**Q** 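Quick one: the structure is below, questions incoming.
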Amino acid sequence: MIDIQNLHKSYGKLAVLRGIDLNLSQTGQISAILGPNGSGKTTLIKSILGLVIPDQGDIRMDGQTIKGQWAYRHHISYLPQIARFPENLTVTELLAMIKDLRSGPTDDDALIQLFGLGPHLQKRLGDLSGGTKQKVNLVIAFMYDSPVIILDEPTSGLDPVAMIHLRELLQRARQQGKIILLSTHIMSFVDEMADEVVFLLEGAIRFRGTLVQLKTQYQEDNVERAIANILQGESPILA
Amino acid sequence: MLKIMRYTLSDLLRSRWVVIYLSFFLLLTLSLLSLSGDVSQVVISLMNIILILCPLVAVMFGVMFFYNSREFTELLLAQPLRRTDIFFGQYLGLALSLSASLVIGVGLPFLIYGLFASAEVWNFMVLIVIGVALTFIFSGLAFYLALCNDNRIRGFGLAILLWLFFAIIYDGIFLLSLIVLRDYPLEHYAMAMTILNPIDLARILILLKLDISALMGYTGAVFHKFLGSLAGSILAFLALALWVVLPVWRIRWRALRKDF
């Protein structure tokens with residue numbers, strides 16, 4: 001479905017991605033992109049969405065290159081890391097706007113109910129709290145039935161109840177046979193939800209495999225320690 | 001593009017700054033009209049304010065709008081939309097909301113005073129058209145500057161510098177060069193220098209329309225001879241139109257290459 005080949009990207013002298021090869025075609029699977037800050041997670045995600053234009057390499061979706069294309073994004077739902085919306089529009093107006101811009105059937109009513117956004121629908125987006133904005137963000141990301149879902153730090157700012165709903169939504173999407181790609185720093189979330197892990201370090205993929213493979217290879221029984229082992233193996237010996 | 005423009009417009013028209021801008025023009029025009037019976041004088045007073053204020057508000061509001069909506073722009077970019085549609089839509093919404101404040105704020109008092117029936121209506125129209133053109137030019141330039149600079153402080157700094165340059169510094173350099181080169185025939189040089197600054201160009205167009213170019217001395221006479229003619233006016237408006245197109249072209253160029 002999504003095929004990334006030899007992807008390179010630098011910002012000035014800073015090389016953020018150095019030759020990423022990644023194929024995401026297993027449907028009904030949640031892949032977690034992990035890595036320390038600045039390892040290129042967001043840049044990789046944004047390259048797939050066409051927000052970042054790669055220096056080298058190619059990204060193909062269903063066999064077609066995405067370079068200079070825009071219609072392929074009909075097949076992708078995206079949750080950005082930071083939720084900020086036009087301050088003077090209401091929640092209802094924002095949802096109407098997205099639906100107007102991107103046609104197709106939606107199930108936003110069910111999601112609004114799920115996240116308890118009903119009382120906030122007529123409020124200005126500028127007046128909403130950070131957590132509520134993130135819920136609006138989630139509604140936008142999940143209201144379309146697209147085969148690919150990309151989530152950048154979906155857990156940030158969510159209360160425990162909303163976290164439970166997010167897990168349910170992800171599980172349902174997995175059962176529906178979607179390809180799900182998410183980045184997060186919360187390892188317990190990975191341990192619970194992810195089927196496979198892609199570990200980025202300094203712009204290259206250092207490890208890719210299932211959770212079981214990760215744990216057996218690094219002889220640990222939790223993800224956090226296994227990841228710490230990868231990092232320690234890479235870092236120079238401290239004097 | 002039109003959809004993005006419509007939503008940007010409906011967001012911005014409710015923004016506090018646009019409302020303040022509108023009420024400022026309303027109050028200003030109303031008080032000027034009630035103080036002076038001579039509409040020509042009112043138009044000149046308004047011109048002096050519009051020539052300075054429209055570009056200033058357009059650059060400041062332009063960069064502010066871009067940086068404020070940056071994260072939302074990312075969300076839009078991830079939707080199945082063309083990049084150029086998103087940015088042109090936002091730019092049009094921005095420029096139109098500011099232009100609407102100007103047109104309503106200045107136009108409503110003129111309407112109340114029943115001046116649309118008088119002979120002065122054409123002077124007023126020229127004033128409005130030029131104010132709108134300046135709003136489009138400078139909000140476009142600001143939008144482009146913001147597009148080029150991810151650092152907000154730098155973006156704001158450059159935007160203020162841009163305004164300062166065209167509104168004040170340019171005239172200083174222009175006058176200085178006229179003094180230094182006073183032994184040479186300067187008509188064509190002066191004309192070219194004027195066309196290169198949209199604010200100067202706008203000022204000359206209004207002054208010529210008001211037929212007070214005699215106040216501008218010798219150069220004014222040359223200008224009047226040239227710009228007062230039909231061909232001259234067309235050329236001047238064409239130059240202004242080019243100034244409107246220039247930022248649009250740059251925005252397109254930059255938007256297609258930028259990483260978000």
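Chain letters run A, B, ... following the sequence lines, proteins first, then strands; residues in each count from 1. The shown structure was predicted, so the numbers you read here are calculated from the model rather than taken from an experiment.
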**Q** Among the options A:Asn137, A:Asn88, A:Ile150, A:Leu89, pick out the one with the most heavy-atom pairs lying under 4.5 Å from chain B.
**A** A:Asn88
**Q** Can you tell me if CZ on B:Arg154 sees more than 12 non-hydrogen neighbours from other groups inside 6.0 Å?
**A** no
**Q** Check whether B:Arg83 reaches the backbone of A:Trp70 with its side chain - one donor and one acceptor, N or O, closer than 3.5 Å.
**A** no
**Q** Does any backbone or side-chain atom of B:Ser15 lie under 4.5 Å from a heavy atom of chain A? Answer side chain, backbone, both or neither.
**A** both
**Q** Can you tell me how far apart CD1 (A:Ile53) and CZ (B:Phe260) are? Round to the nearest 0.5 Å.
**A** 8.5 Å
**Q** What do you reckon, is CZ of B:Arg252 surrounded by more than 12 foreign heavy atoms closer than 6.0 Å?
**A** no
**Q** What do you reckon, is CD1 of B:Ile153 surrounded by more than 12 foreign heavy atoms closer than 6.0 Å?
**A** no
**Q** Could you look at A:Leu79 and say if it's the side chain, the backbone, both or neither that has a heavy atom under 4.5 Å from chain B?
**A** neither
**Q** More than 12 non-hydrogen atoms from neighbouring residues, nucleotides or ligands closer than 6.0 Å to CZ on B:Arg257, yes or no?
**A** yes
**Q** Give, as side chain, backbone, both or neither, the part of A:Ile140 having an atom under 4.5 angstrom from any heavy atom of chain B.
**A** side chain
**Q** Does some side-chain heavy atom of A:Gln81 sit less than 4.5 Å from a side-chain heavy atom of B:Glu74?
**A** no
**Q** Got a second to check how far A:Leu51's CG is from B:Leu76's CG, nearest 0.5 Å?
**A** 10.0 Å
**Q** For B:Pro80, which of A:Gln69, A:Arg102, A:His75 qualifies under side chain to side chain contact (heavy atoms under 4.5 Å, CB included)?
**A** A:Arg102
**Q** Should A:Glu93 and B:Arg14 count as an ion pair when the cut-off is N to O under 4.0 Å?
**A** yes
**Q** Counting only heavy atoms not in A:Gln176 (residues, nucleotides, ligands), do more than 12 fall under 6.0 Å from its CD?
**A** yes
**Q** Between B:Asp85 and chain A, with a heavy-atom cut-off of 4.5 Å, which part of the residue counts as in contact: side chain, backbone, both or neither?
**A** neither
**Q** Would you compute the distance between atom OH of A:Tyr78 and atom CG of B:Leu77 and round it to the nearest 0.5 angstrom?
**A** 10.0 Å
**Q** Tell me, side chain or backbone of B:Arg70 under 4.5 Å from chain A's heavy atoms, or both, or neither?
**A** neither
**Q** Considering only heavy atoms and a distance below 4.5 Å, find which of A:Met97, A:Lys9, A:His74 pairs most often with chain B.
**A** A:Met97
**Q** Compare every heavy atom of B:Ala78 with every heavy atom of A:Leu49, then report the nearest pair and how far apart it is.
**A** CD2-CB, 4.1 Å
**Q** Using modelled atom types and a 3.5 Å cut-off, is there a donor and acceptor pairing between side-chain atoms of B:Asp259 and backbone atoms of A:Val52?
**A** no
**Q** Minimum heavy-atom separation for A:Arg73 to B:Leu81, with atom names?
**A** NH2-O, 2.9 Å
**Q** In Å and rounded to the nearest 0.5 Å, what is the CZ to CG distance from A:Arg124 to B:Asp11?
**A** 9.0 Å
**Q** From B:Phe72 CZ over to A:Leu125 CG, what is the distance, rounded to the nearest 0.5 angstrom?
**A** 8.5 Å
**Q** Within a strict 4.5 Å, meaning less than it, do heavy atoms of the A:Leu101 and B:Ile4 side chains meet?
**A** yes
**Q** Examine whether an atom of A:Tyr11 lies under 4.5 Å from a heavy atom of chain B, and if so say whether it belongs to the side chain, the backbone or both; otherwise answer neither.
**A** side chain
